[in-house]
Amino acid sequence: MEIKVELTQNPKQKVPADKLGFGNVFSDHMFIMDYQTGKGWHNPRIVPYGSIAYEPAVMVFHYGQAIFEGLKAYRTEKGEIVLFRPQENFRRLNASCDALCIPKIDEEFALKALMQLLTIDRDWIPDAPGTSLYIRPFIIATEPHIGVHPANSYHFIIITGPVGAYYKEGLNPVKIYVETKYVRAVVGGLGEVKASANYAASLKAQMEAAAKGYTQVLWLDGVERKYVEEVGTMNVFFVIGDEIVTPMLTGSILPGITRKSCIELLRSWGLNVVERRVSIEEIFDAHEKGILKEAFGTGTAAVISPIGELCWNDRKIILSNGKIGELSQKLYDELTGIQYAKKPDPFNWVVKVELT
Ligand code: COI
């Protein structure tokens with residue numbers, strides 16, 4: 001399928017690297033494609049970034065048929081543009097499609113479309129240390145209809161924008177509140193896919209934790225409120241003695257691409273990574289015994305986010321003396337080293353964008 005291209009007549013002013021936050025600035029163009037029952041996915045196009053008009057009745061506004069992905073493009077020291085395991089994102093997008101009864105996309109075509117978009121907006125990919133271009137593919141239901149059923153029309157859209165650090169703390173440890181009142185997801189629900197609804201469901205807890213002075217929450221399982229699931233919008237790892245523990249994917253946890261990459265990296269270093277259920281009690285006990293060495297979140301946006309403090313009901317613990325843990329730092333350096341092509345890429349994770 002050929003992608004039609006309409007270039008902007010009004011290129012936007014770029015934001016200086018030191019003014020970049022996360023998610024406020026958008027590049028000049030976007031990719032968009034339509035779906036209609038009977039016609040399938042069609043009319044792929046790259047057009048100037050801008051507003052799209054929808055009827056108030058479109059189903060995404062009412063029943064939340066919305067899914068998304070997040071990945072980054074990096075500018076290397078040689079000036080090349082690379083992506084990190086992008087095939088994994090489009091595979092997961094299709095898993096999200098399946099969970100929300102959204103018609104699947106052609107993963108290879110989606111990657112090709114993204115490459116073309118990046119070629120057109122290449123000047124938007126920043127080169128300052130720690131910056132990258134965040135890429136947000138998403139699909140929404142666009143059929144105007146008030147009955148509850150899977151929609152008959154959708155938009156698949158990709159927008160991009162230059163970003164700096166996700167958390168204002170950067171790699172500095174964040175304070176985490178162990179959430180005992182709200183849950184993020186339950187097995188059988190949407191927790192293991194990237195449904196927008198999961199993020200809507202997380203807001204209340206996050207706001208209440210913020211009011212108590214915490215950056216994010218640690219999510220426990222929705223049934224027993226006992227087992228650790230995720231931290232904020234990230235997967236979570238604990239170093240307990242000689243074991244590196246991350247919650248196993250039970251069906252309510254997002255299978256993060258950074259999570260998977262960390263497991264593969266740690267194992268390649270000969271370290272003992274175990275995917276299993278881990279209770280919050282075990283974490284606090286390990287701290288009491290002096291064997292909880294560090295804990296960190298993993299995700300595309302922040303890469304690694306060390307946990308400096310955990311508050312569970314009336315118990316508070318400080319991890320790694322509130323400093324960046326050794327393994328957190330090593331993983332961050334290795335992952336970002338591979339992503340920016342500063343270090344060898346033994347797993348062939350990096351995909352070069354051929355600028356045409
Ligand atoms: C991540 O990349 O860690 C996320 O899921 C955050 C994103 C929703 C901004």
Side-chain angles (χ1 to χ4, degrees), residues 20-27 64 66-74 83-93 95-96 99-100 114 130-140 157-174 176 179 184-185 190-207 209-210 215-219 228-237 246-247 249 252-263 265 295-307 328 331-332 335-336 338-340 349:
L20 284 177
F22 188 95
N24 317 309
V25 180
F26 303 100
S27 315
I67 56 174
F68 70 93
E69 269 306 318
L71 67 161
K72 286 172 171 174
Y74 308 85
L83 296 164
F84 185 73
R85 313 186 81 175
Q87 302 91 339
E88 297 278 345
N89 290 93
F90 290 117
R91 189 176 311 151
R92 191 172 61 187
L93 187 66
S96 303
L100 278 97
L114 170 60
T131 64
S132 57
L133 187 85
Y134 189 74
I135 300 163
R136 170 52 58 84
F138 63 105
I139 303 181
I140 51 169
I157 302 174
I158 307 177
I159 56 172
T160 74
V163 296
Y166 184 65
Y167 286 129
K168 68 171 176 12
E169 290 92 339
L171 191 58
N172 289 322
V174 291
I176 300 293
E179 182 55 62
R184 173 186 169 273
L190 297 174
E192 65 178 345
V193 296
K194 227 162 160 66
S196 304
N198 292 332
Y199 297 79
S202 76
L203 299 175
K204 183 95 171 157
Q206 194 194 321
M207 290 315 286
T215 303
Q216 264 298 355
V217 300
L218 188 75
W219 295 107
V228 174
E229 300 229 313
E230 296 191 13
V231 59
T233 60
M234 308 176 87
N235 294 115
V236 66
F237 286 70
T246 190
L249 302 176
S252 51
I253 296 174
L254 190 82
I257 295 156
T258 313
R259 173 190 184 275
K260 181 172 167 174
S261 306
C262 283
I263 294 173
L265 267 180
F296 52 88
T298 66
T300 297
V303 190
I304 300 290
S305 177
I307 298 176
S328 305
L331 274 172
Y332 179 83
L335 273 174
T336 54
I338 295 172
Q339 287 165 341
Y340 288 92
W349 283 338

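All figures in this text were calculated on a predicted structure; none of them were measured in a lab. Just follow the structure's listing: the first ligand is 1, and inside any ligand the first atom is 1.
Checked against the 6.0 Å centroid criterion, the rings of F68 and Y199 qualify as a close aromatic pair.
For ligand 1, the atoms lying closer than 4.0 Å to a non-hydrogen atom of G299 are 3 (O).
Considering backbone and side-chain N/O atoms, T300 comes within less than 3.5 Å of an N/O atom of ligand 1. Note: no N/O pair closer than 3.5 Å links R136 and ligand 1 by distance alone.
At a 4.0 Å heavy-atom cut-off, ligand 1 touches K194 through the side chain alone.
Between the side chain of T258 and the backbone N or O of T298, no donor-acceptor pair lies under 3.5 Å. Between the side chain of K72 and the main chain of T300, a donor-acceptor pair closer than 3.5 Å is present. One N or O on the side chain of N235 and one on the backbone of G256 form a donor-acceptor pair closer than 3.5 Å.
In summary, R184 and E230 engage in a salt bridge, as defined by a charged side-chain N under 4.0 Å from a carboxylate O.
The protein atom (non-hydrogen) at minimum distance from atom 2 (O) of ligand 1 is A301 N, 2.8 Å. At the top of the distance list for atom 9 (C) of ligand 1, counting protein heavy atoms only, stands Y166 CE1, 3.7 Å. Atom 6 (C) of ligand 1 has as its closest protein heavy atom T233 OG1, 3.5 Å.
Note: Y340 and Y74 have perpendicular aromatic rings, judged against thresholds of 30 and 60 degrees for the angle between ring planes.
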